[in-house]
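Report on the structure given below.
Since the model is a prediction, treat every value here as computed from it, not as a measurement.
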Number of protein chains: 2
Amino acid sequence: MPEFLARVEVRLKPTVNDPQGNTVAQALGSLGFEEVMGVRVGKLIEVTLTAVSQEAATAQVSEMGKQLLANPVIELFDFQVEAV
Amino acid sequence: MPEFLARVEVRLKPTVNDPQGNTVAQALGSLGFEEVMGVRVGKLIEVTLTAVSQEAATAQVSEMGKQLLANPVIELFDFQVEAV
């Protein structure tokens with residue numbers, strides 16, 4: 001079966017506080033990067049999978065995002081699938 | 001000053017073991033996604049900053065990656081900067 005690479009981006013919802021991002025922003029400020037206005041930290045999940053077609057792979061990855069990769073209460077996800 | 005959004009992708013080097021990714025892969029398998037061959041988990045860091053130009057913003061973000069955002073021993077980073 002053809003092989004695909006899905007790049008899933010998981011972000012906190014814009015209204016959700018991001019302590020990790022705030023810490024990174026403060027650290028950057030301490031290092032002298034005074035032009036930083038804000039930082040948000042999310043996840044980049046790369047899934048290699050086999051599927052009969054790109055459409056099938058896309059459907060699978062969408063389901064993975066809903067069931068496991070993102071927490072729907074506080075996170076949003078989107079993804080791209082490409083043949084490899 | 002113009003405002004820019006930098007999207008920094010931080011990945012473990014390909015030779016570095018990724019226990020988090022392996023755990024996600026196993027969990028996906030347990031959920032019935034048997035076509036998953038592998039998972040790698042990285043970070044997606046979105047930095048909002050001001051700069052005089054896109055070139056200046058790019059130089060700043062490159063420096064941030066080297067100094068703080070990625071651990072050069074085990075991680076690689078790349079990024080894109082766009083005006084917002």
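Contacts between residues 48-57 of chain A and chain B, defined by a heavy-atom separation under 4.5 Å, are made by T48(A), L49(A), T50(A). Of residues 1-9 of chain A, those residues lying under 4.5 Å from chain B by any heavy-atom pair are E3(A), R7(A), E9(A).
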Scan the side chains in residues 28-35 of chain A for donor-acceptor partners under 3.5 Å anywhere in the protein, sequence neighbours excluded, and list what turns up.
residue	atom	partner	partner atom	Å
S30(A)	OG	Q26(A)	O	3.0

Extract all donor-acceptor atom pairs below 3.5 Å that involve side chains of residues 66-84 of chain A and protein atoms in other chains or at least two apart in sequence.
residue	atom	partner	partner atom	Å
Q67(A)	NE2	E63(A)	OE2	3.2
N71(A)	OD1	V73(A)	N	3.0
E75(A)	OE1	N71(A)	N	2.7

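V39(A) is not listed as a side-chain neighbour of E46(B), based on a closest heavy-atom distance of 4.5 Å or more.
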(request) Go through M37(B) and V47(A) one step at a time and tell me if the side chain to side chain contact (heavy atoms under 4.5 Å, CB included) criterion holds. (result) CA-CA 8 Å; M37(B) 300 175 63; V47(A) 181; over 6 Å; no
(request) Mind running side chain to side chain contact (heavy atoms under 4.5 Å, CB included) on K43(B) and L44(A) for me, showing each step along the way? (result) CA-CA 5 Å; K43(B) 276 177 283 188; L44(A) 174 67; over 6 Å; no
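The candidate with the highest count of non-hydrogen atom pairs below 4.5 Å against chain A, out of V24(B), V10(B), I45(B), is I45(B).
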